[in-house]
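Only one structure is covered here, and it is reproduced in the block below.
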Protein chains: 2
Amino acid sequence: MIRIVLADDEDLIRGALAALLNLESDIEVVAQADDGVAAVRLAQEHRPDLAVFDLEMPGWDGLAAAHQLRTAELGIPVVLVTRHARPGVLKRALTEGVRGFVPKTTPASKLAEILRDVHAGGRYVDPEIAASALTAANCPLTARELELLRIAQHGGTINSIAEQAHLATGTVRNYLSSAMTKLGVQTRHEAARRAWEEGWI
Amino acid sequence: MIRIVLADDEDLIRGALAALLNLESDIEVVAQADDGVAAVRLAQEHRPDLAVFDLEMPGWDGLAAAHQLRTAELGIPVVLVTRHARPGVLKRALTEGVRGFVPKTTPASKLAEILRDVHAGGRYVDPEIAASALTAANCPLTARELELLRIAQHGGTINSIAEQAHLATGTVRNYLSSAMTKLGVQTRHEAARRAWEEGWI
DNA sequence: CAGCACTCATGACATCTGTCATGACTGACC
DNA sequence: GGTCAGTCATGACAGATGTCATGAGTGCTG
């Protein structure tokens with residue numbers, strides 16, 4: 001019996017996934033969490049064979065929760081389920097020791113098999129994401145550039161970005177301009193969008 | 001037995017929802033579609049008691065598919081399932097005759113009950129979304145303003161927006177400026193974001 | 001038919017954005 | 001200790017953006 005802690009902030013989806021998994025005779029969802037903090041707490045409580053976390057959750061996202069579990073050294077393999085299969089996120093997940101990375105476009109019939117594999121010591125990365133990640137550009141941006149693009153995502157003026165980052169507006173303009181040049185785009189918004197799509201932010 | 005056609009482009013989620021629903025003794029998922037076009041085709045083929053469509057799908061989204069079903073006059077009630085509960089989308093859905101509007105944060109245990117209600121002639125709107133929609137600003141923007149904000153969402157320059165819309169750049173600047181004034185924001189990106197959040201685009 | 005709202009456009013202008021140059025400072029590395 | 005990359009900043013400048021005014025055309029409504 002593979003005992004699983006499942007985490008997803010969307011109740012309906014989480015319940016449906018639990019229903020799907022509980023159809024399997026060798027798989028049991030022993031606890032469900034609706035955010036990353038609860039996920040880690042329940043995993044520590046239940047010591048499951050496997051943790052299945054949705055990537056996008058409030059507070060600690062799936063990746064941060066996986067990091068916390070790893071830090072706690074419980075040896076619980078983590079499988080991340082994600083709507084947006086962004087290559088940079090996959091890289092970060094694998095670096096974090098995540099054993100499975102499953103886009104929501106994966107056939108439902110395949111999930112149990114993937115979880116069994118991971119439980120048996122294997123890893124799972126969707127072939128398409130793997131290919132995409134292998135050909136993906138390495139992130140050419142510095143930490144500061146990424147941070148400013150994160151803020152720029154909200155659409156505000158350069159001045160408001162500078163206020164939020166506690167920098168001079170000239171400094172922000174320089175950093176964003178540098179990022180735009182590296183990415184070959186024309187506006188900071190395109191740069192932010194690109195960085196998001198690649199999974200860098 | 002309530003016969004359902006289910007549509008969602010994310011295989012895993014769709015399969016999980018089907019598993020959840022098929023646990024109910026009086027509910028049966030008779031067909032599954034992964035986009036709006038297939039959803040409408042399968043609904044016409046199977047003549048289900050109910051259609052359950054995810055809002056965000058490629059090609060026809062859930063709303064457009066509901067519109068197509070309504071146009072076909074098959075009398076199939078539609079329930080939309082959505083990740084982002086945006087008030088403008090709810091309004092449009094209800095105008096389109098959608099009988100149920102279910103955010104993914106809804107407890108899984110509640111879905112079957114909601115579907116039974118709708119099948120019995122009722123309607124379901126999540127109370128929080130209903131409240132949000134009732135207090136939501138009416139869309140103050142013209143069709144043209146909305147269209148330009150849609151294009152502006154991608155982050156491109158004014159010039160590229162003008163090219164895509166087949167308008168002069170001055171015209172685009174005027175429309176976007178007008179939209180920004182109406183929404184009380186400072187950049188076109190903030191305007192686009194706001195319009196999206198309200199469900200206007 | 002007049003008024004109104006919307007669409008489309010031009011033009012003037014102030015401000016914002018992006019580019020480029022430059023330089024000071026810091027920490028890591030050889 | 002010198003070099004390098006990253007961080008932060010200032011300043012100059014050209015072009016993009018946003019604001020405002022204005023006007024022509026269209027279709028709808030009372």
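Proteins come first, then strands; the chains are lettered A, B, ... in the order of their sequence lines, and each starts at number 1. Only this structure's heavy atoms are used, side chains among them; waters, hydrogens and symmetry mates stay out.
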Open item on the list: Going 5' to 3' along DNA chain C, which are the first and last nucleotides with any atom under 4.0 Å from a heavy atom of chain A?
Closed with: C/dT17 to C/dA21
Task: Proximity to DNA chain C (any heavy atom under 4.0 Å), residues of residues 140-173 of chain A only - done: A/Thr157, A/Ile158, A/Arg173
Task: Residue closer to the 5' end of DNA chain C, B/Asn174 versus A/Ser177 (nearest nucleotide) - done: B/Asn174
- [ ] Might you point out which heavy atoms bring A/Pro77 and A/Asp49 nearest each other, and give the distance in Å?
- [x] CD-O, 3.2 Å
Open item on the list: Taking the basic N atoms (NZ, or NE/NH1/NH2) and the acidic carboxylate oxygens, is any pair closer than 4.0 Å for A/Arg194 and A/Glu198?
Closed with: yes
- [ ] For the pair B/Lys104 and B/Asp54, find out whether any cationic side-chain nitrogen is under 4.0 Å from an anionic carboxylate oxygen.
- [x] yes
- [ ] Answer yes or no: is there an ion pair linking A/Arg144 with A/Glu147, defined by an N-O contact shorter than 4.0 Å?
- [x] yes
Task: Atom of B/Ile2, atom of B/Leu115 and distance for their closest heavy-atom approach - done: CD1-O, 4.5 Å
Task: Residues in contact with DNA chain C, drawn from residues 178-197 of chain B - heavy-atom cutoff 4.0 Å - done: none
Task: Pairing residues for A/Arg3 by the salt bridge (Lys or Arg N to Asp or Glu O under 4.0 Å) criterion, not counting sequence neighbours - done: none
- [ ] Indicate yes or no: does B/Arg83 engage A/Glu56 in a salt bridge with an N to O separation below 4.0 Å.
- [x] yes
Open item on the list: Using the salt bridge (Lys or Arg N to Asp or Glu O under 4.0 Å) criterion, which residues pair with B/Arg70? Sequence neighbours excluded.
Closed with: B/Glu96
Task: Nearest-0.5 Å distance, OG1 of residue B/Thr105 to CD1 of residue B/Ile129 - done: 7.0 Å
TODO: Could you list all the side-chain hydrogen bond (donor to acceptor under 3.5 Å, both in side chains) pairs where at least one residue sits in residues 84-95 of chain A, not counting sequence neighbours?
DONE: A/Lys91-A/Asn138
